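I have placed the structure first, in the form of structure tokens, so that the comments after it can refer back to it.
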Protein chains: 4
Amino acid sequence: MKLSEKKILKKKEQILLSAITIVNRRGYDGATMEEIAAEMLMTKGSLYYYFKNKGDLMYQCHKLVLAQATQELEEELQGEGTAEEILRKMVATHINYAVEEKETFNMIIEPKQMFNPEQIEPVLKLRKHYASLFDQVIEKGVSTGEFHVEEPIIVRMIILGAMNWIQQWYRATGRLAKEELKQHFAEYIIKLLK
Amino acid sequence: MKLSEKKILKKKEQILLSAITIVNRRGYDGATMEEIAAEMLMTKGSLYYYFKNKGDLMYQCHKLVLAQATQELEEELQGEGTAEEILRKMVATHINYAVEEKETFNMIIEPKQMFNPEQIEPVLKLRKHYASLFDQVIEKGVSTGEFHVEEPIIVRMIILGAMNWIQQWYRATGRLAKEELKQHFAEYIIKLLK
Amino acid sequence: MKLSEKKILKKKEQILLSAITIVNRRGYDGATMEEIAAEMLMTKGSLYYYFKNKGDLMYQCHKLVLAQATQELEEELQGEGTAEEILRKMVATHINYAVEEKETFNMIIEPKQMFNPEQIEPVLKLRKHYASLFDQVIEKGVSTGEFHVEEPIIVRMIILGAMNWIQQWYRATGRLAKEELKQHFAEYIIKLLK
Amino acid sequence: MKLSEKKILKKKEQILLSAITIVNRRGYDGATMEEIAAEMLMTKGSLYYYFKNKGDLMYQCHKLVLAQATQELEEELQGEGTAEEILRKMVATHINYAVEEKETFNMIIEPKQMFNPEQIEPVLKLRKHYASLFDQVIEKGVSTGEFHVEEPIIVRMIILGAMNWIQQWYRATGRLAKEELKQHFAEYIIKLLK
DNA sequence: AATGAATGAGGGTTCATTCAT
DNA sequence: TATGAATGAACCCTCATTCAT
């Protein structure tokens with residue numbers, strides 16, 4: 001890859017990070033190209049040098065965030081340990097995202113009328129893949145006899161939903177410490193699986 | 001209350017129902033005053049006779065749906081039966097709303113992005129009250145010895161999160177029938193509580 | 001037709017006339033919704049109350065002008081007189097448009113990338129119809145023995161082209177008087193046909 | 001002239017040829033600097049090394065095509081043959097340009113809308129000169145007794161108008177072959193002059 | 001109580017143009 | 001010479017909102 005290509009990729013990523021900030025603050029619809037550009041100290045028009053249109057930019061935001069989280073989970077999934085141990089790590093990671101990068105991670109929620117028809121498929125694929133990582137750890141636990149699950153898909157959805165919901169109510173200043181939270185969640189999730 | 005006032009209230013409710021239909025179809029941002037009016041066979045301008053502005057209309061949509069759901073839950077809560085039986089009914093009701101009303105029931109939506117500052121507080125209050133109904137049934141189960149819960153708040157959040165998440169992936173045409181879904185969810189939720 | 005519908009039609013036509021003025025001054029691309037609106041002492045957005053989009057407005061401009069000219073020719077065509085007499089009138093009318101309403105009539109030229117696929121067909125139809133009026137008078141002359149034409153289509157195109165070209169060079173202040181012009185053109189056109 | 005200057009001139013001409021291709025495909029407004037540059041495997045910015053701005057480039061396109069056509073006509077005009085023979089050749093040449101080069105040769109276009117004030121005069125001069133070549137062949141025919149024309153200017157305008165109009169309706173795929181077209185046009189034009 | 005009509009702010013997008021490198 | 005990157009003006013279009021009738 002040529003230097004110039006690398007440079008452009010870097011800039012694209014910077015823009016994406018800015019965009020993610022704005023999108024999480026305003027929502028997909030509320031985010032304007034103007035504000036995203038301003039965050040980068042650029043003008044609206046310049047964004048179109050890097051992205052075809054708003055839809056494309058939004059899509060890539062979603063993709064980036066999802067890809068980051070996905071990668072972390074994949075590493076944990078391939079690590080050592082019992083299914084329970086791995087799952088605990090994954091839960092911690094997911095909650096970490098939800099709580100620490102709150103806004104960013106919020107993007108896992110709701111694409112819908114934001115994406116072009118040709119983008120929707122990849123988005124759904126990514127999401128499916130992300131979810132499947134939890135399927136895998138569940139499956140692993142079942143095969144080792146650690147877990148007993150009759151409806152693995154349902155259980156996975158319960159787990160994901162419960163965790164994603166955290167962003168709605170968790171406040172860093174609240175009564176519950178983050179670590180405590182992870183513990184409790186992991187505990188109940190394990191309970192669900194045993 | 002005068003007759004004319006009653007008539008206005010009735011009309012307001014009709015508009016709300018139309019608006020709910022549109023919002024559920026297009027989302028809060030996607031819903032236009034034009035389309036909502038068209039659904040009522042009115043013109044845009046007329047809506048402003050009944051509602052201060054779009055924000056107000058959207059807010060009342062959310063409120064109405066939430067109030068309806070709340071009422072249903074309250075009736076179930078005051079009905080006969082064991083805590084488990086009641087909870088099963090409540091789960092079914094909640095899932096029904098989440099799946100059927102989708103957008104207007106959407107409790108995952110950040111209220112800050114959708115509603116005016118003066119509306120946010122009432123919304124949060126309603127949501128809090130709604131959530132408390134689940135606290136009550138859990139508490140009842142604990143007091144009767146049906147449930148054993150060490151962290152009732154955490155468990156309630158898991159339950160609500162799991163159920164709210166359903167709208168993200170449930171499709172009426174999908175593999176899972178709604179009734180089946182309710183069954184499974186109830187099962188796992190009970191498991192969490194025992 | 002209700003009064004309100006009549007009123008809206010009238011307004012539409014007024015807008016069209018303004019738009020025609022602007023379009024003839026700036027060309028299809030050069031004409032902006034802003035300037036058209038300003039000509040009407042309206043704001044941009046109001047135009048969209050009457051027309052779906054710019055393409056629609058442009059299309060209707062073209063249609064209106066063409067329809068006006070068409071009607072005049074049709075009346076002449078159905079009048080009394082020999083083919084030659086009728087043709088002379090038609091030539092005079094066409095040249096009148098070209099010279100007097102210069103800019104407006106200029107619209108007969110060039111649609112191309114201005115119209116939506118669904119509009120192109122009607123446009124072509126209208127143009128074809130307009131041209132066919134000249135075909136008819138030629139045919140009439142041939143059938144009465146006044147004219148002798150082996151390639152009526154070619155001749156018609158020569159006639160139309162020659163007349164449309166007038167707008168490019170005719171200036172009211174120029175050496176040639178308009179009436180003289182019509183005479184000469186008619187003379188040569190008749191010569192072509194005999 | 002230095003070598004480097006020659007090189008620049010060559011490049012300029014190459015760019016013009018590319019630009020002509022694009023303009024003929026998209027029209028003056030539709031042609032973008034981006035697409036013209038792409039056709040040359042260059043980037044937008046580079047064009048500005050060779051041309052002051054888009055207007056300049058468009059102007060030179062028109063000029064180049066007009067100059068080429070002019071030269072061809074001049075050669076034909078100075079060649080052997082009767083006035084009729086020469087005129088037939090000139091008609092064929094003109095029609096060729098009108099059909100093949102379409103937009104850039106388009107003499108129907110209002111120069112005012114396309115070109116800068118300082119470019120308009122040269123354009124009009126070129127066009128006038130181009131037209132005069134037809135005057136010359138008519139004059140020649142009159143002086144040799146081949147033609148009998150009472151209003152040579154009018155006739156020349158009819159001829160030019162008829163031919164320029166061709167681009168408005170001629171389609172390569174249409175019913176009429178180009179060669180046939182030339183024949184017919186020449187025939188009728190001669191008829192006009194005899 | 002309702003409407004028709006207009007408004008105006010703002011958003012997405014395009015593109016000629018510039019300029020440091 | 002050429003390019004990459006950025007700019008900014010202009011344009012089309014949408015839509016919540018207003019207000020006289």
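No experiment lies behind these values; they were computed from the predicted model shown. Side chains are part of it too, since the values below use all heavy atoms of this structure and drop only hydrogens, waters and symmetry mates. Sequence lines set the chain letters: A, B, ... in the order given, protein chains first and strands last, and positions in each chain run from 1.
Stems are defined here as 3 or more consecutive Watson-Crick or G-U wobble pairs with pairing distances under 3.5 Å; those involving DNA chain E are E:2-21 with F:2-21.
Between A:Met33 and A:Lys44, the shortest heavy-atom distance links the atoms C-CG, 4.0 Å. Looking at every heavy atom in both residues, D:Leu66 comes nearest to D:Arg127 through CD2-CG, 3.9 Å.
Rounded to whole angstrom, the span from the NZ atom of D:Lys52 across to the C1' atom of E:dA16 amounts to 13 Å. Nucleotide F:dT1 holds its C1' atom 12 Å from the CE atom of D:Met40, rounded to whole Å. As a whole-Å value, the separation of B:Phe51 CZ from E:dA1 P is 14 Å. As a whole-Å value, the separation of C:Glu35 CD from F:dC13 P is 16 Å. Computed from coordinates, the B:Tyr48 OH to E:dT3 C1' distance equals 14 Å when rounded to whole Å. For D:Arg26 and E:dC15, the CZ to C1' distance is 15 Å, given to the nearest whole Å.
Within the 4.0 angstrom heavy-atom criterion, no nucleotide atom of any strand lies near D:Ala37.
Using modelled atom types, one side-chain atom of A:Lys54 and one backbone atom of A:Ala31 make a donor-acceptor pair closer than 3.5 Å.
You'll find the side chain of A:Gln119 stays beyond 4.5 Å of the side chain of A:Gln60, heavy atoms only.
In terms of position on DNA chain F, the residue among B:Glu34 and C:Gly55 whose nearest nucleotide sits closer to the 5' end is C:Gly55.
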Using the 3.5 Å cut-off, write out each protein N or O paired with an N or O of nucleotides 3-6 of chain F and the distance between them.
from	atom 1	to	atom 2	distance (Å)
F:dT3	OP2	D:Thr43	N	3.2
F:dT3	OP2	D:Thr43	OG1	3.3
F:dT3	OP2	D:Ser46	OG	2.5
F:dT3	O5'	D:Thr43	OG1	3.4
F:dA5	OP2	A:Tyr49	OH	3.0
F:dA6	OP1	A:Lys11	NZ	2.6
F:dA6	OP2	A:Tyr50	OH	2.3

Output side-chain donor-acceptor pairs under 3.5 Å for residues 14-22 of chain D, partner residues at least two apart or in another chain, one line each.
from	atom 1	to	atom 2	distance (Å)
D:Ser18	OG	D:Gln14	O	3.4
D:Thr21	OG1	D:Leu17	O	3.0

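Side-chain rings of D:Phe105 and D:His62 stay apart, their centers remaining 6.0 Å or farther from each other.
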